[in-house]
Amino acid sequence: MFKSLIFTLPFLVLGQGMATAGQTIDVAATMACVNEKWNETEPEKGHKLVEYAGRCVVIPNDTKAKNYVEDCTGNYEYMPDGSWKGGGTCSVDLKAGDTISLTWEEGSHLNEYKYEYTGGTGKYKGAKGGGTYKTDELTTTLYGGRKKGNLELP
């Protein structure tokens, strides 16, 4: 019943402080996520609304890059016909004090879910880019998956 929700951020070199202006970073990674909040209501039979909050540990494919954590919130809607959609935002606080933000979109109409970087602070102010991700439900509160995409630094 619960669909996967994972939002992804890039940190191949972000966590190492080596990011430079104009750089494009490949953000391929593995993710492990937990639902911290899944408040479900049913305004009418078969139509469910969900308020979501969760956290992911992201492990970059680049073994020299540091792992990082994403904090995400969003909403899902499940329709009586079995279709569903969801969307929200994520934030990553970097150890150096900078942050990166993104939006995410999921749904039964997508083969891979989408995310888009919407900026950040410090050297990540104006960051853009994005990509896709896919997750599998391991339990009703745990998910695992992979992401791909790029982060473009201003």
Undergrad: If you round to the nearest 0.5 Å, how far is OG1 of T121 from CD1 of I100?
TA: 8.5 Å
Undergrad: For a quick test of reading the model, state the closest non-hydrogen atom pair linking V50 to Y78 and the distance between them.
TA: CG2-CE1, 3.8 Å
Undergrad: Taking the side chain from K134 and the backbone from N111, do they hold a donor-acceptor pair closer than 3.5 Å?
TA: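 Indeed, once roles are kept as given, a pair shorter than 3.5 Å links the two residues.
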Undergrad: How many angstroms lie between atom OG1 of T99 and atom CG of D71, to the nearest 0.5 angstrom?
TA: 11.5 Å
Undergrad: Could you tell me whether a side-chain N or O of T41 sits under 3.5 Å from a main-chain N or O of P43, the two making a donor and an acceptor?
TA: no
Undergrad: In Å and rounded to the nearest 0.5 Å, what is the CG to NZ distance from N61 to K148?
TA: 12.0 Å
Undergrad: What pairs with E77 under side-chain contact (heavy atoms from CB on, under 4.5 Å), at least two apart in sequence or on another chain?
TA: H47, L49, M79, K85
Undergrad: Can you name the residues that form a salt bridge (Lys or Arg N to Asp or Glu O under 4.0 Å) with E152, not counting sequence neighbours?
TA: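 Testing E152 for salt bridge (Lys or Arg N to Asp or Glu O under 4.0 Å), a comparison that skips the adjacent residues, returns none.
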Undergrad: Could you list the residues that satisfy salt bridge (Lys or Arg N to Asp or Glu O under 4.0 Å) with E116, not counting sequence neighbours?
TA: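 Applying salt bridge (Lys or Arg N to Asp or Glu O under 4.0 Å) to E116 gives none.
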Undergrad: What residues, two or more places apart in sequence or in another chain, satisfy salt bridge (Lys or Arg N to Asp or Glu O under 4.0 Å) together with K37?
TA: E51
Undergrad: Distance-only, no hydrogens or angles: does the K147 side chain make a donor-acceptor pair with backbone N or O of V27 under 3.5 Å?
TA: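 The answer is yes, because a donor-acceptor pair under 3.5 Å joins these two groups.
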Undergrad: Show the nearest heavy-atom pair for residues T132 and E112, with the distance to one decimal.
TA: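 Taking every non-hydrogen atom into account, OG1-OE1, 3.3 Å.
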Undergrad: Would you say K123 and L153 make side-chain contact, with heavy atoms under 4.5 Å?
TA: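 The answer is no; the side chains never approach within 4.5 Å.
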Undergrad: Parallel under 30°, tilted from 30 to 60°, perpendicular over 60°: which one fits the rings of W38 and Y52?
TA: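 Rings of W38 and Y52: perpendicular, over 60°.
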Undergrad: Could you check whether the SG atoms of C56 and C72 sit less than 2.5 Å apart, since that is the cutoff I want to apply?
TA: no
Undergrad: Search all heavy atoms of H109 against all heavy atoms of E105 and return the closest pair with its distance.
TA: NE2-OE2, 3.4 Å
Undergrad: Please work out whether the ring planes of Y76 and W84 are parallel, tilted or perpendicular, with thresholds of 30° and 60°.
TA: tilted
Undergrad: For T118, give me all partners under side chain to side chain donor-acceptor pair (under 3.5 Å), at least two apart in sequence or on another chain.
TA: S101
Undergrad: Looking at OG1 of T135 and OH of Y143, how far apart are the two atoms once the value is rounded to the nearest 0.5 Å?
TA: 7.5 Å
Undergrad: Using the test side chain to side chain donor-acceptor pair (under 3.5 Å), find all partners of S83 that sit at least two apart in sequence or belong to another chain.
TA: D81
Undergrad: First locate atom OG1 of T89, then atom CG of L102, and finally report the distance between them rounded to the nearest 0.5 Å.
TA: 7.5 Å
Undergrad: Please round to the nearest 0.5 Å and tell me the distance separating atom NZ of K128 and atom CG of N150.
TA: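 The CG atom of N150 is 12.0 Å from NZ of K128, to the nearest 0.5 Å.
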